[in-house]
Amino acid sequence: MQKFQRLWGLPVYKTSIDSNSYDKQKLVETIENNYSKQAVRQNWSKSYFRSDIHHSVMDENNPKFKKPDYSSVEKAYQAPITEFIQNLNIKNPANVKHQVVNYTAAKHASLLEPHIHTECEFSLVHYVKFDKTENSPTILMNPYAFQDYWERKSKLMEIVHPENVENSWLFDEWAFSTDEDDILIFPAIMKHYVKNDESRNLRITLSANINVNKGV
C-alpha cells in the first residue's frame, strides 16, 4: 500500500512509527490503569448512538483519571505529518501544528459513534495497542449522498476488487488493514467511527488534531 492515497477523492495517509520512538510502555500503563477504574467513560455523546467506549475527551480534568504524557509521541508524529503535508502540494509554506487531544480504550463490545473533528483541518489516529486478529480498525464513511439511493451499485461491487482503494467510490464505508503503531491521517471533516467486538486484548488509540495555516 502506498502511504499517500485518495479515498473518495480525499487525501489519506497511512504509515507506521517505531515503537521505540516514544515512551510507549508508560503511555500504555497509564491508559490501562484508567481503563481498569472505569471501562465506559464517555461524556461528550448526546446522540441516540449511545457511545459506550472508554474515551478521554472532555474528561481531562477528572481527578479520577491520570492524564497520559503525550510529549514523546507527539514528537514521533512530526516526520509523518510533515511528509503528509508535502504530498498536498500546498502553494505556500505551511505552518503546521499538532496535538494529541484524547485516547480511546476498549476490549468490551462497544461503539464510538460516527463523528467529525471540527476544530482542525486533519485528524490523526494512532493504533498504540492493537491486535489485528481481534481488534477493529477505524471505519471511514463515504461522504457522497448518491450512495443512499444508488440502487445498482451492488452489481458493480460484485466484480471489483474490494481492497483496492481506487474502488472505494462503490462502498459506503472503508477500513484500512491496520497493525499496531500504524497511524492514519485524513481530513477532519471525514466522518468515522469504531465498532469493537469483545476481545481479550485492550485496543488503545490516540487521536491528534492537525492544524494547517498559511506560512509566513
Side-chain angles (χ1 to χ4, degrees), residues 1 3-4 11-38 41-42 44 53-62 64-88 94-107 112 115-117 119-132 134-138 140 175-188 190 192-194 196 199 201-213:
M1 169 183 169
K3 290 182 179 180
F4 188 88
V12 175
Y13 179 90
K14 178 178 176 287
T15 190
S16 61
I17 62 173
D18 187 346
S19 61
N20 295 315
S21 66
Y22 67 101
D23 195 346
K24 181 170 183 170
Q25 181 177 351
K26 183 178 179 181
L27 183 62
V28 170
E29 286 178 352
T30 300
I31 295 173
E32 287 180 334
N33 186 54
N34 286 344
Y35 179 84
S36 69
K37 294 177 181 178
Q38 186 175 325
R41 173 188 174 198
Q42 177 76 2
W44 62 275
I53 200 170
H54 183 91
H55 193 199
S56 67
V57 69
M58 295 179 65
D59 201 14
E60 294 290 349
N61 296 319
N62 189 330
K64 181 177 181 179
F65 305 105
K66 181 178 179 181
K67 181 178 180 180
D69 182 357
Y70 298 126
S71 57
S72 65
V73 76
E74 287 179 333
K75 291 179 182 178
Y77 295 159
Q78 185 63 58
I81 289 175
T82 298
E83 184 175 3
F84 168 72
I85 296 299
Q86 289 173 344
N87 275 278
L88 295 179
N95 178 15
V96 182
K97 295 182 180 180
H98 66 277
Q99 180 182 16
V100 175
V101 290
N102 59 71
Y103 71 84
T104 61
K107 61 180 178 181
L112 177 60
H115 63 284
I116 62 174
H117 296 192
E119 63 277 10
C120 57
E121 284 70 57
F122 298 97
S123 296
L124 180 151
V125 176
H126 175 197
Y127 298 88
V128 177
K129 189 173 182 181
F130 189 85
D131 182 345
K132 67 184 306 178
E134 293 190 354
N135 299 143
S136 302
T138 301
L140 305 172
F176 289 97
S177 177
T178 304
D179 292 299
E180 187 163 294
D181 273 316
D182 278 354
I183 65 171
L184 188 66
I185 303 174
F186 52 91
M190 187 181 291
H192 54 287
Y193 73 98
V194 180
N196 295 300
S199 69
N201 299 305
L202 190 65
R203 176 194 189 275
I204 297 176
T205 62
L206 300 185
S207 178
N209 288 347
I210 303 172
N211 293 96
V212 183
N213 300 298

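Side chains are part of it too, since the values below use all heavy atoms of this structure and drop only hydrogens, waters and symmetry mates. Throughout, residue positions are numbered sequentially from 1 according to the sequence presented. In this text the structure is predicted, and so the values were computed from the model without any measurement.
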For the student: nearest non-hydrogen atoms of [X] and [Y], plus distance:
{"X": "Ala76", "Y": "Ser21", "result": "CB-OG, 3.5 Å"}
{"X": "Ile53", "Y": "Ala106", "result": "CG1-CB, 3.8 Å"}
{"X": "Ile116", "Y": "Met190", "result": "CG2-C, 4.0 Å"}
{"X": "Ser19", "Y": "Asp181", "result": "CB-OD2, 3.1 Å"}
{"X": "Tyr70", "Y": "Asn102", "result": "OH-C, 4.2 Å"}
{"X": "Glu74", "Y": "Val100", "result": "OE2-N, 2.8 Å"}

For the pair Leu206 and Ile31, evaluate side chain to side chain contact (heavy atoms under 4.5 Å, CB included) and give the outcome as yes or no after the intermediate values. CA-CA 10 Å; Leu206 300 185; Ile31 295 173; 4.1 Å; yes
Stepwise, does the side-chain hydrogen bond (donor to acceptor under 3.5 Å, both in side chains) test hold for Asn135 with Tyr127? CA-CA 10 Å; Asn135 299 143; Tyr127 298 88; over 6 Å; no
Using 0.5 Å steps for rounding, measure from the CG atom of Asn211 to the CG atom of Asn213.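 Answer rounded to 0.5 Å: 6.5 Å.
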Do the non-hydrogen side-chain atoms of [X] and [Y] ever get within less than 4.5 Å of each other?
{"X": "Leu27", "Y": "Asp69", "value": "no"}
{"X": "Pro11", "Y": "Asn87", "value": "no"}
{"X": "Thr104", "Y": "Val194", "value": "no"}

Within the side chain of [X], is there an N or O that forms a donor-acceptor pair under 3.5 Å with the backbone of [Y]?
{"X": "Glu180", "Y": "Phe130", "answer": "yes"}
{"X": "Asn34", "Y": "Lys66", "answer": "yes"}
{"X": "Ser56", "Y": "Tyr103", "answer": "yes"}
{"X": "Lys37", "Y": "Lys64", "answer": "yes"}
{"X": "Glu134", "Y": "Ser199", "answer": "no"}
{"X": "Lys3", "Y": "Pro80", "answer": "no"}

Is the distance between the ring centroids of Phe122 and His117 under 6.0 Å?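 Ring centroids of Phe122 and His117 are no less than 6.0 Å from each other.
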Does Val128 form a side chain to side chain contact (heavy atoms under 4.5 Å, CB included) with Tyr22? I'd like the steps, not just the answer. CA-CA 11 Å; Val128 177; Tyr22 67 101; 3.8 Å; yes
Among Glu121, Lys97, Glu119, Gln99, side chain to side chain donor-acceptor pair (under 3.5 Å) partner for Asn209: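 That would be Glu119.
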Applying side chain to side chain contact (heavy atoms under 4.5 Å, CB included) to His55 and Arg41, what does each step give before you reach the verdict? CA-CA 5 Å; His55 193 199; Arg41 173 188 174 198; 5.9 Å; no
Testing Val125, Leu112, Thr205, Thr178 one by one against Thr138 for a side chain to side chain contact (heavy atoms under 4.5 Å, CB included), which residue passes?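 Result for side chain to side chain contact (heavy atoms under 4.5 Å, CB included) with Thr138: Val125.
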Classify the ring geometry of [X] against [Y]: parallel below 30°, tilted from 30° to 60°, perpendicular beyond 60°.
{"X": "His126", "Y": "Tyr77", "answer": "perpendicular"}
{"X": "Phe4", "Y": "Phe84", "answer": "tilted"}
{"X": "Phe65", "Y": "His54", "answer": "perpendicular"}

So, Gln78 versus Thr82: side-chain donor-acceptor pair below 3.5 Å or not?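 Present: a donor and an acceptor within the cut-off.
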Walk me through it: do Arg203 and Asn196 pass the test side chain to side chain contact (heavy atoms under 4.5 Å, CB included)? CA-CA 9 Å; Arg203 176 194 189 275; Asn196 295 300; 3.1 Å; yes
